[in-house]
2 protein chains.
Amino acid sequence: MTAMYRVVKADILDKITQGVWAPGSQMPNEMRLAETYDCARATVNRAMRELAEEGIIERRRKSGTRVRMNPVRQARFGIPLVRKEIEDQQAVYGYTLINSTIEPAPDWLRGRLGLAVGGLVRHVCCMHTADDMPFQLEDRWISLDALPDAETVDFSQSGPNEWLVTAVPFSNAEMSLLAVQADAKLATLLHCAKGDALFQTERSTWMDGQAITYVRLIFRGGHKMTTQY
Amino acid sequence: MTAMYRVVKADILDKITQGVWAPGSQMPNEMRLAETYDCARATVNRAMRELAEEGIIERRRKSGTRVRMNPVRQARFGIPLVRKEIEDQQAVYGYTLINSTIEPAPDWLRGRLGLAVGGLVRHVCCMHTADDMPFQLEDRWISLDALPDAETVDFSQSGPNEWLVTAVPFSNAEMSLLAVQADAKLATLLHCAKGDALFQTERSTWMDGQAITYVRLIFRGGHKMTTQY
DNA sequence: CAGTGGTCTAGACCACTGA
DNA sequence: CAGTGGTCTAGACCACTGT
């Protein structure tokens with residue numbers, strides 16, 4: 001009932017953690033392991049492929065498979081829609097539009113996204129609340145070159161986030177996480193003290209190499225982003 | 001030369017982004033797609049399986065495969081060793097031990113890690129520098145119940161990080177990212193102003209359900225953690 | 001019950017790469 | 001050149017689950 005490739009994978013991982021196959025050492029090849037576990041090579045292959053993807057082992061043709069010296073540690077973070085994140089906390093989601101303008105892309109934004117000179121962007125600033133308390137401030141710029149429709153969308157009732165996921169369901173992005181200090185304006189908007197440390201994410205998004213949007217999400221004080229791996 | 005399953009995967013993704021298969025809609029089953037692409041079902045299966053892992057589609061037996069309504073966005077962050085992170089920036093890595101003690105685990109730590117009452121921990125505080133400038137402050141607690149060897153290891157020349165990766169090569173962890181305000185002590189250690197917003201990570205690590213270590217990493221001002229996805 | 005994905009197999013050919 | 005992993009196939013059985 002437990003899939004064979006899982007058994008093989010678990011046993012290999014076990015041999016590694018128990019030190020039977022030390023970091024840097026060579027492991028048996030697929031054919032030999034298939035004999036050991038009395039299964040097809042494809043089954044061993046799947047187990048090993050997954051371990052390689054997870055950064056535990058390193059595979060090369062001809063030279064074979066080795067246990068990684070410094071296992072590549074990586075963590076996956078889910079990127080939820082704010083609405084969902086808030087509702088998952090059993091809180092009531094709320095939305096307020098603060099500001100919306102059409103303007104030429106400022107230089108710093110053109111640099112980040114690689115926009116053409118004179119390109120127009122829709123700049124939207126809005127607040128997402130949880131139980132009527134500020135939760136996340138969204139400061140977003142959308143390229144009208146890439147998404148002309150964005151010029152006329154109504155963001156007074158729901159955020160650009162929700163519109164974008166339907167308009168541009170799939171894209172590539174670069175995300176940064178950092179800490180910022182609350183200035184007077186942020187302190188007022190997020191109901192915190194001036195100077196408080198706030199968690200911020202920045203994200204630039206492209207589709208087919210064309211810049212779509214840049215967004216800053218600033219969370220209320222004390223926010224943590226958590227994951228397990 | 002390009003693997004067939006990659007071609008299939010790319011084409012399916014294309015059909016989704018182009019709207020041929022809209023979010024929420026049903027996709028053809030594996031057999032049908034195998035005929036379409038004139039390949040084996042296993043090949044289609046691999047393409048679809050990867051798309052499912054990436055959160056693009058959703059698969060269920062009997063009811064088939066659908067495009068996800070709200071594609072699960074997720075980002076992977078690599079977790080490098082500090083030394084490597086600094087050297088990758090062409091800077092010279094340096095290490096200084098600030099403090100090291102053996103003490104009973106404080107209550108908050110016992111709570112986080114689920115340690116037994118009276119359990120001893122090794123508490124190490126140290127600084128990682130880049131070109132002799134503070135880069136990352138490491139505040140770490142290691143459970144001596146889990147790792148008795150940690151009591152006598154010499155951390156004056158290299159950090160607990162480097163020792164742990166060899167002593168406990170594989171483990172599970174929970175990581176949080178947040179922003180903290182520099183107090184007087186942090187300001188001195190990290191050469192920043194009191195009140196500055198600093199980026200901090202917290203990580204609890206277990207192996208076979210047994211708590212190993214808890215660590216806080218506080219970065220110098222302006223640090224960003226970046227990834228692409 | 002029946003349709004769909006999940007897994008496995010035995011065998012094959014190929015691409016890459018170290019010796 | 002030869003060994004190893006990468007991929008593919010045709011077919012099979014099975015587990016799950018909607019109807």
Side-chain angles (χ1 to χ4, degrees), chain A residues 1-16 20-72 74, chain B residues 1-16 20-72 74:
Chain A
M1 33 153 219
T2 300
M4 188 62 184
Y5 82 92
R6 287 180 187 281
V7 175
V8 174
K9 184 178 169 182
D11 191 74
I12 291 175
L13 197 50
D14 216 52
K15 282 207 169 50
I16 293 174
V20 180
W21 294 327
S25 69
Q26 183 102 32
M27 295 169 54
N29 67 27
E30 293 189 347
M31 269 193 308
R32 196 164 294 280
L33 287 173
E35 287 167 15
T36 304
Y37 294 108
D38 191 31
C39 67
R41 182 167 78 95
T43 304
V44 172
N45 181 275
R46 176 155 181 195
M48 308 265 284
R49 176 155 34 87
E50 292 191 1
L51 288 170
E53 274 170 9
E54 290 164 24
I56 310 293
I57 61 179
E58 208 170 8
R59 320 196 73 194
R60 275 191 200 169
R61 293 177 184 177
K62 167 74 179 179
S63 69
T65 303
R66 296 175 166 280
V67 181
R68 280 218 192 227
M69 291 298 261
N70 295 120
V72 176
Q74 47 189 5
Chain B
M1 36 152 220
T2 301
M4 188 60 185
Y5 82 92
R6 287 179 187 281
V7 175
V8 173
K9 184 178 171 184
D11 191 73
I12 291 175
L13 196 50
D14 217 52
K15 284 206 169 49
I16 292 174
V20 179
W21 294 327
S25 68
Q26 183 100 35
M27 294 170 54
N29 68 26
E30 293 189 347
M31 268 193 310
R32 196 165 296 281
L33 286 173
E35 287 167 16
T36 303
Y37 294 109
D38 191 30
C39 66
R41 181 166 80 93
T43 304
V44 172
N45 181 275
R46 176 156 182 195
M48 308 265 283
R49 177 156 35 86
E50 291 191 0
L51 288 170
E53 275 171 9
E54 290 164 22
I56 311 291
I57 63 179
E58 209 169 7
R59 320 197 72 194
R60 277 192 198 169
R61 294 177 184 180
K62 166 75 179 178
S63 69
T65 303
R66 297 176 165 280
V67 181
R68 282 219 191 222
M69 290 296 261
N70 295 120
V72 177
Q74 45 187 5

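Every chain is numbered from 1 and lettered A, B, ... according to where its sequence line falls, protein lines coming before strand lines.
For A/I56, the side-chain contact (heavy atoms from CB on, under 4.5 Å) partners at least two apart in sequence or on another chain are A/L13, A/I16, A/L51, A/E54, B/F170. Scored by the side-chain contact (heavy atoms from CB on, under 4.5 Å) test, B/R6 finds B/T2, B/A3 as partners (sequence neighbours excluded). For B/T36, there are no side-chain contact (heavy atoms from CB on, under 4.5 Å) partners, not counting sequence neighbours. Evaluation of the side-chain contact (heavy atoms from CB on, under 4.5 Å) rule for B/A52 yields B/I57, B/R59 as partners, not counting sequence neighbours. Partners of B/E50 under the side chain to side chain donor-acceptor pair (under 3.5 Å) rule, at least two apart in sequence or in another chain, are B/K9, B/R46. A/K15 pairs by the side chain to side chain donor-acceptor pair (under 3.5 Å) definition with A/D11, not counting sequence neighbours. Taking the side chain to side chain donor-acceptor pair (under 3.5 Å) definition, one finds that A/Q26 meets it with A/R66, sequence neighbours left out.
Per the geometry, CD belonging to A/E58 stands 15 Å off C1' belonging to D/dT4, to the nearest Å.
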Any protein N or O atoms within reach of nucleotides 14-18 of chain C? Criterion: under 3.5 Å, listing atom names and distances.
| residue | atom | partner | partner atom | Å |
| --- | --- | --- | --- | --- |
| C/dA15 | N3 | A/R61 | NH1 | 3.3 |
| C/dC16 | O4' | A/R61 | NH1 | 3.0 |

Short N/O separations, protein against nucleotides 10-13 of chain C, under 3.5 angstrom:
| residue | atom | partner | partner atom | Å |
| --- | --- | --- | --- | --- |
| C/dA12 | N6 | A/R41 | NH2 | 2.9 |

Pairing pattern in dot-bracket form [Watson-Crick, G-U; both distances under 3.5 Å; | = partner strand] for DNA chain D: ||||||||||||||||||.

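Put simply, B/T43 has no side-chain N or O that comes within less than 4.0 Å of OP1 or OP2 on D/dT7.
Taking every heavy atom of residues 45-52 of chain A and every atom of DNA chain C, pairs under 4.0 Å involve A/R46, by number. Near DNA chain C, meaning a heavy atom under 4.0 Å away, the residues from residues 25-33 of chain B are B/N29, B/E30.
Interatomic distance, CG of A/L33 versus CE of A/M48, reported as 5.5 Å (0.5 Å rounding).
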